There are 2 protein chains.
Amino acid sequence: MNSLTEENYLKALFNIANETGEVNVAELSKRLEIKMPTVTSMMKKLSEKKLVHYESYKPLQLTDKGKKEAGLIIRKHRLTEMFLVDKMKLGWEDVHDIAEQIEHIQSPVFFEKMDELLGYPKVDPHGSPIPDKNGKVVWKEYNKLSDCKVGETVKLAAVINTSSGFLKFLNTREMRLGLKIKIKSIEAFDKSITVSYGKHQAEALSNIVCERLLVEKQ
Amino acid sequence: MNSLTEENYLKALFNIANETGEVNVAELSKRLEIKMPTVTSMMKKLSEKKLVHYESYKPLQLTDKGKKEAGLIIRKHRLTEMFLVDKMKLGWEDVHDIAEQIEHIQSPVFFEKMDELLGYPKVDPHGSPIPDKNGKVVWKEYNKLSDCKVGETVKLAAVINTSSGFLKFLNTREMRLGLKIKIKSIEAFDKSITVSYGKHQAEALSNIVCERLLVEKQ
DNA sequence: GTAATAAGTTAGAGAAATCTAACAAAATTT
DNA sequence: AAATTTTGTTAGATTTCTCTAACTTATTAC
Ligand SMILES: [Mn+2]
Ligand SMILES: [Mn+2]
Ligand SMILES: [Mn+2]
Ligand SMILES: [Mn+2]
């Protein structure tokens, strides 16, 4: 059994590896807001437990065992987020902080019931894939809205940044996952994009926003 | 903010006081499965935080502040149990261990939503009262089934022992809260009681069982 | 009312998770 | 290639929560 602290390290290792490929002590330290010497000693501990491959000055790597355990924690996190949105009617901007806590609950039956009630969902409310019961996760290849061309019609599939602030911004524009979006024009100067969707005929979105919206081409 | 450990001490103090009136170090130590010297030092700490009145060799007492905080944790516990049974379709014998963990979740909105979805319940699945938003709890006066007379018809209102084993036993006899039970006879020798209810015409219940069943007279 | 037992405290130590200060290695810049 | 900066490690201390051993106080038994 891993402690809550160890679980948070595993999850961070898994997430950073999925985002940037390689994980180093400095990045992990920044992500967890824990000083580097503390991270180093935890890496030694997780190495003892065969969850991490650790060698001084080398990039950090989860073992297969570590990947599986991390995947299962993320599974609990994302199932929880889905449950909170679908069954408890909380906003997608409110669920992350609660899921950060509930992901550590030890109770297979609790999460199996969640999964069942939700109808075995494949993605969470932010479009992130839910790892399977072996902790395995398959990422679909999406495009950033900022990489699309004028005239294309795309479907909003996922959001990269899941900060409450960003999600609340999307709420004000009535943007939801599954939304069909048409690219009307792109401003060369600042790469902002004007799109139309639903009742919105011409909504201007900054490049910063468009880089955080993942879409599927139709 | 109190730590998870502190919360568990507060809750135990509250529960023991409600069961037996007075709380002493030995009882608290037994309940929490923590050695007495550890309990003593935690009492000093909680006393510092104005949550417990502590004097050497005197009975332990929660302050008003301590009672409120304990009541609010128990509120979260019992709301959770109700949610797990009513909304997640888990058995009343399965929910306590999960609630023991979820009661420590920090998220007012999460528990308010639970309360709302449940329609502001007053009791949990075991018949225990749910403290209000100020941590206040009012116990109804129930009778033990073992104290009833032959010929009386009573309603099952609560169970005292909420161990999974006892609740599974009640399941095998199809006994639920709200059930109307008629006392048919009492065996003088061992104080076992024969009752009828639902489809059950004559079910013999040992005194040990009857002492754990709280009923309301009709 | 003394002896035995139970309950409670003090003292000291250990595990887990964190920190700061100082040093060492690696990468980057010039 | 030397200097500088970034990254990572070691050493030692701190906080929280726990324990055991030894001692003290209170209660119960005789
Ligand atoms: Mn999340
Ligand atoms: Mn998510
Ligand atoms: Mn319970
Ligand atoms: Mn209960």
Side-chain angles (χ1 to χ4, degrees), chain A residues 1-17 19-62 66 69-70 73 100-101 103-104 106, chain B residues 1-17 19-62 66 69-70 73 100-101 103-104 106:
Chain A
M1 194 77 315
N2 303 310
S3 69
L4 184 146
T5 305
E6 290 167 339
E7 289 195 343
N8 283 333
Y9 277 93
L10 291 174
K11 196 162 56 101
L13 282 160
F14 189 99
N15 283 331
I16 297 169
E19 287 162 26
T20 66
E22 238 179 46
V23 191
N24 53 34
V25 175
E27 178 62 25
L28 193 49
S29 166
K30 200 188 298 173
R31 184 70 65 104
L32 293 169
E33 295 181 274
I34 285 171
K35 297 287 180 291
M36 289 205 297
T38 310
V39 171
T40 297
S41 61
M42 182 57 85
M43 289 309 103
K44 288 176 178 170
K45 188 181 175 193
L46 294 179
S47 172
E48 283 297 310
K49 296 180 81 172
K50 306 286 181 204
L51 294 164
V52 167
H53 294 298
Y54 174 72
E55 282 183 273
S56 307
Y57 300 104
K58 295 272 167 63
L60 305 168
Q61 263 199 294
L62 285 171
E69 308 220 345
I73 300 159
E100 282 291 308
Q101 300 179 66
E103 72 194 5
H104 303 292
Q106 302 294 332
Chain B
M1 195 78 309
N2 304 310
S3 71
L4 185 146
T5 305
E6 290 166 339
E7 290 195 342
N8 283 333
Y9 277 93
L10 291 176
K11 195 162 56 100
L13 282 161
F14 190 101
N15 282 330
I16 297 170
E19 286 162 27
T20 66
E22 240 180 42
V23 191
N24 53 35
V25 174
E27 178 62 26
L28 193 49
S29 166
K30 200 189 298 174
R31 185 71 63 103
L32 293 170
E33 295 181 275
I34 286 171
K35 295 289 180 291
M36 288 206 296
T38 309
V39 171
T40 297
S41 61
M42 181 57 86
M43 288 309 101
K44 288 176 179 171
K45 189 179 175 195
L46 294 179
S47 172
E48 282 298 308
K49 296 180 82 172
K50 306 288 181 199
L51 294 164
V52 166
H53 293 299
Y54 175 71
E55 283 182 272
S56 306
Y57 300 105
K58 295 273 166 64
L60 305 169
Q61 261 199 295
L62 286 172
E69 308 221 344
I73 299 159
E100 282 292 308
Q101 300 179 68
E103 71 193 6
H104 302 292
Q106 302 294 331

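Letters A, B, ... are given to chains in the order of the sequence lines, protein chains preceding strands, and every chain is numbered from 1. None of the values given here were measured: they were computed from a predicted structure.
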Taking OP1 and OP2 of C:dA17, is either one under 4.0 Å from a side-chain nitrogen or oxygen of A:Ser3? yes
Between B:Thr38 and D:dC17, is there a side-chain N or O to OP1/OP2 distance below 4.0 Å? no
Residue-level proximity of residues 22-36 of chain B to DNA chain C when a heavy atom falls under 4.0 Å: B:Asn24, B:Val25, B:Ala26, B:Met36
Taking only the side-chain nitrogens and oxygens of B:Tyr54, find out if one of them lies under 4.0 Å from OP1 or OP2 of C:dG8. no
Within the structure shown, what part of the strands sits under 4.0 Å from B:Lys58 by heavy-atom distance: base, sugar-phosphate, or nothing? nothing
Please report how far the helix from C:dG1-D:dC30 to C:dT30-D:dA1 bends, comparing the axis fitted to its first five pairs with the axis fitted to its last five, to the nearest 10 degrees. 10°
Salt bridge (charged side-chain N to carboxylate O under 4.0 Å, His left out) pairs, two or more places apart, involving residues 1-10 of chain A: A:Glu6-A:Lys45, A:Glu6-A:Lys49
What string of B, S and - do you get for nucleotides 21-29 of chain D 5' to 3' if you count protein non-hydrogen atoms under 4.0 Å? B--BS----
Sorted by chain and residue number, the side chain to side chain contact (heavy atoms under 4.5 Å, CB included) partners of B:Lys44 (sequence neighbours excluded) come out as B:Thr40, B:Tyr54
Side chain to side chain contact (heavy atoms under 4.5 Å, CB included) filter on B:Gln101, not counting sequence neighbours, yields A:Ile105, A:Gln106
Using a 4.0 Å heavy-atom cut-off, does B:Ser56 contact any base of the nucleic acid, only the sugar-phosphate backbone, or nothing at all? sugar-phosphate
Once side chain to side chain contact (heavy atoms under 4.5 Å, CB included) is applied, do any residues pair with B:Ser41, and if so which ones, sequence neighbours excluded? none
Can you measure A:Glu7 atom CD to C:dA17 atom P for me and round it to whole angstrom units? 11 Å
Salt bridge (charged side-chain N to carboxylate O under 4.0 Å, His left out) with B:Glu19: which residues, sequence neighbours excluded? B:Arg31
Take B:Leu51 and B:Asn2 through the side-chain contact (heavy atoms from CB on, under 4.5 Å) test and state the conclusion after the steps. CA-CA 10 Å; B:Leu51 294 164; B:Asn2 304 310; 3.6 Å; yes
With sequence neighbours left out, the residues meeting side chain to side chain donor-acceptor pair (under 3.5 Å) with A:Asn24 are none
Could you work out, with side chain to side chain donor-acceptor pair (under 3.5 Å) as the rule, every residue matching B:Glu103, not counting sequence neighbours? B:Lys11, B:His77
